[in-house]
Amino acid sequence: MMSKPRIGVGVVGFGWMGQAHSRSVRRLAGIFPGEPYYIELVACSDTDPGRREQAVSDFGFARGEADWHSLAEDPDIDVVFITTPNALHVELVEAFAAADKHVFCEKPVGGTPDQTARAELAARKAGVISAVGYNYRWAPMVQEAKRLIDDGALGSITNYRGRFFSTYGADPSGLLTWRYLVDEGGYGVSSDLLSHSVDLGLYLLGPITRVVGTTATFIPERPLPSAGAVSHYGHGRPGDPTGAVTNEDYVGMLVEFDNGVRGSFESSRTMVGPESQMAFEVYGTEGALAWNLERMNELQLYLRSDGRYAGYRTIFGGERFPYHGNFVPGNANGIGFEDLVLIEDLELMRSIAAKRPFQPGFEDAVRYVSVQDALLRSAASGAWETVKTVRSQ
Ligand SMILES: NC(=O)c1ccc[n+]([C@@H]2O[C@H](COP(=O)([O-])OP(=O)(O)OC[C@H]3O[C@@H](n4cnc5c(N)ncnc54)[C@H](O)[C@@H]3O)[C@@H](O)[C@H]2O)c1
């Protein structure tokens with residue numbers, strides 16, 4: 001085994017996604033055996049001492065660090081997973097790319113379009129592999145949807161509807177974590193959730209040329225968290241001191257794709273009802289399809305050629321589709337959220353081992369924030385706005 005090339009991993013930010021990626025790279029070889037590399041967990045940085053300890057004692061990192069700078073100087077680290085709050089992303093990407101490390105950064109890469117463009121420039125100039133955590137692209141049923149669209153099974157596509165409704169902020173007692181603060185998270189739900197939804201639209205149908213949209217903040221104050229690392233699923237108590245939410249809870253927009261498709265996107269973190277409804281619908285002249293993260297192992301397909309029996313059918317995920325059979329055999333035995341993270345990390349490791357670019361990379365991150373930039377301009381102007389690629393000089 002040791003004759004295989006080694007890929008040394010560093011992680012900065014050991015919360016939800018830092019832990020999810022660490023678990024994924026740890027179990028990768030057991031699920032996809034025979035890969036032409038082996039992975040070592042070299043160092044994990046988090047400002048929270050308990051999380052650093054956990055990284056070493058439970059996850060097997062060789063060391064934990066309070067200050068991430070030492071990871072940039074470590075020759076044993078080849079790739080760094082940046083899984084901190086968004087506003088820290090760009091500084092980390094710039095430092096690690098300059099130190100010749102490959103960089104995986106969680107979406108949306110930075111908290112503002114300008115920060116994303118800076119990160120893209122830093123990675124491009126350094127010539128390192130960049131990767132962005134748009135993990136829903138890797139869902140086998142999403143990939144099947146793309147194959148159906150590309151193969152023309154739906155005819156010519158005319159309409160698209162994308163949405164990401166999460167209930168994590170629906171309760172006003174939900175804590176004022178970094179996601180609600182422009183200085184720490186950057187923009188609100190347009191950075192956090194809409195980014196995933198629009199990325200899938202861009203992946204499935206190509207560029208968006210113009211948008212008209214609106215934003216709103218429905219819960220303007222939230223309880224302050226106590227000191228230490230807390231989850232955005234955490235809650236305060238009645239009477240706790242509160243602070244102001246400084247970014248948006250909701251976004252909605254109409255869009256035009258370059259290929260003529262008309263579409264709409266909506267995203268909310270405060271809606272009551274949908275728990276994690278990251279969903280899309282595609283309509284063409286010969287058929288339609290629909291996918292929803294809440295039922296991620298199912299694809300709904302309608303084909304006009306079915307004639308009098310036309311109607312939506314449910315296609316279950318399973319070993320007949322790529323990746324799925326490595327997790328569980330047969331069909332309709334489901335895979336889960338973290339399995340998508342594992343597939344994403346598998347493909348990143350393959351790119352690093354083969355020294356080839358990874359998609360989605362920071363160029364794809366820029367594609368989304370260019371749409372976000374037009375949406376924010378439109379919310380201010382009230383008019384249709386053209387999508388212009390956001391670049392850093
Ligand atoms: N792809 C997905 O499905 C998905 C899901 C959730 C979050 N995310 C993204 O992942 C990133 C992290 O989100 P999360 O939910 O894991 O956040 P989190 O709040 O759970 O974890 C963030 C961690 O970063 C640590 N941290 C803060 N400042 C630090 C510093 N200076 N140095 C080292 N560590 C520091 C915190 O202590 C915490 O442990 C965000 O960019 C978010 O948009 C992606």
Side-chain angles (χ1 to χ4, degrees), residues 10-24 43-55 59 61 64-72 80-93 95-96 103-112 115-116 119 131-139 142 164 166 168-169 174-181 183-197 199-200 225 227-234 247 267 269 276 278 293 296 336-345 348 360 364-365 368-369 372:
V11 171
V12 185
F14 203 57
W16 177 11
M17 291 314 289
Q19 294 181 29
H21 285 288
S22 302
R23 273 190 292 274
S24 293
C44 174
S45 172
D46 199 291
T47 42
D48 183 86
R51 289 194 168 168
R52 287 199 299 277
E53 276 166 38
Q54 192 190 3
F59 284 68
F61 278 90
E65 297 283 358
D67 183 346
W68 56 264
H69 288 88
S70 72
L71 274 65
V80 179
F81 286 80
I82 298 171
T83 47
T84 59
N86 299 339
L88 293 170
H89 289 173
V90 64
E91 180 189 356
L92 291 162
V93 168
F96 287 118
V103 278
F104 174 99
C105 186
E106 262 307 337
K107 40 58 58 175
V109 185
T112 63
Q115 289 173 12
T116 312
V132 54
Y134 284 127
N135 43 311
Y136 300 114
R137 284 191 186 205
W138 297 105
V142 171
F164 198 158
S166 172
Y168 77 74
L175 293 172
L176 187 75
T177 59
W178 62 263
R179 280 179 165 77
Y180 299 98
L181 301 170
D183 290 346
E184 296 181 32
Y187 288 106
V189 77
S190 68
S191 285
D192 199 24
L193 302 182
L194 183 75
S195 52
H196 276 300
S197 183
D199 177 69
L200 282 191
V230 288
S231 160
H232 61 301
Y233 287 96
N247 55 27
S267 195
R269 61 189 180 190
S276 194
M278 156 74 172
L293 175 64
M296 65 173 274
F337 173 87
E338 271 199 24
D339 296 330
L340 306 188
V341 176
L342 190 148
I343 297 168
E344 172 177 76
D345 293 344
L348 173 62
D364 298 278
Y368 166 63
V369 297
Q372 180 187 28

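Numbering of ligands and ligand atoms starts at 1, following listing order.
- No side-chain heavy atom of V341 sits under 4.5 Å from any side-chain heavy atom of R23.
- Using the six-membered ring where Trp is involved, H196 and F164 have ring planes that are tilted, between 30° and 60° apart.
- Of all atoms in ligand 1, listed by their number and element, those nearer than 4.0 Å to a heavy atom of H89 are 41 (O).
- Within 6.0 Å of OH in Y187 there are 12 or fewer heavy atoms belonging to other residues, nucleotides or ligands.
- Here is the list of ligand 1 atoms found below 4.0 Å of a heavy atom in M17: 1 (N), 2 (C), 4 (C), 5 (C), 6 (C), 7 (C), 8 (N), 10 (O), 16 (O), 44 (C).
- Taking the six-membered ring where tryptophan is involved, the planes of W68 and F96 are tilted, since the angle between them lies from 30° to 60°.
- Looking only at distances, a side-chain donor or acceptor of T83 sits under 3.5 Å from a matching main-chain atom of G13.
- Annotation for ligand 1: atoms under 4.0 Å from non-hydrogen atoms of F337 are 3 (O).
- Counting heavy atoms from C-beta on, the side chains of E91 and T84 never come closer than 4.5 Å.
- Summarising the geometry of Y180 relative to G169, their closest heavy-atom pair is OH-CA, 3.3 Å, with the distance given to 0.1 Å.
- Numbered from 1 in the order shown, with element, the atoms of ligand 1 that lie under 4.0 Å from a heavy atom of H196 read 1 (N), 2 (C), 3 (O).
- Contact atoms of ligand 1 toward V12: 33 (C) (distance under 4.0 Å to a heavy atom of the residue).
- Contact annotation: for V341 versus ligand 1, there are no heavy atoms closer than 4.0 Å.
- Across S45, C44, G50, P85, heavy-atom proximity to atom 27 (C) of ligand 1 is greatest for P85.
- For the pair H232 and ligand 1, the shortest N or O to N or O distance does not fall below 3.5 Å.
- Between D48 and ligand 1, no N or O atom pair is found at a separation short of 3.5 Å.
- The N86 neighbourhood of ligand 1 comprises atoms 40 (C), 41 (O), 42 (C), 43 (O), with distances under 4.0 Å to a heavy atom of that residue.
- The closest non-hydrogen atom to atom 11 (C) of ligand 1, taken over L193, T84, V132, comes from T84.
- Listed by atom number, the atoms of ligand 1 under 4.0 Å from G133 heavy atoms are 1 (N).
- Under the 4.0 angstrom criterion for non-hydrogen atoms, R179 is in contact with ligand 1.
- For ligand 1, the polar-atom distance check against W68 finds no nitrogen or oxygen pair separated by under 3.5 Å.
- Of the possible polar contacts, one joining the T116 side chain to the V109 backbone as a donor-acceptor pair under 3.5 Å is found.
- For ligand 1 and N135, the ligand atoms under 4.0 Å from any heavy atom of the residue are 1 (N), 2 (C), 3 (O).
- Looking at every heavy atom in both residues, V369 comes nearest to P108 through CG1-O, 4.5 Å.
- R269 places no side-chain N or O within 3.5 Å of a backbone atom of S166 that could act as its donor or acceptor partner.
- Under the 4.0 angstrom criterion for non-hydrogen atoms, Y134 is not in contact with ligand 1.
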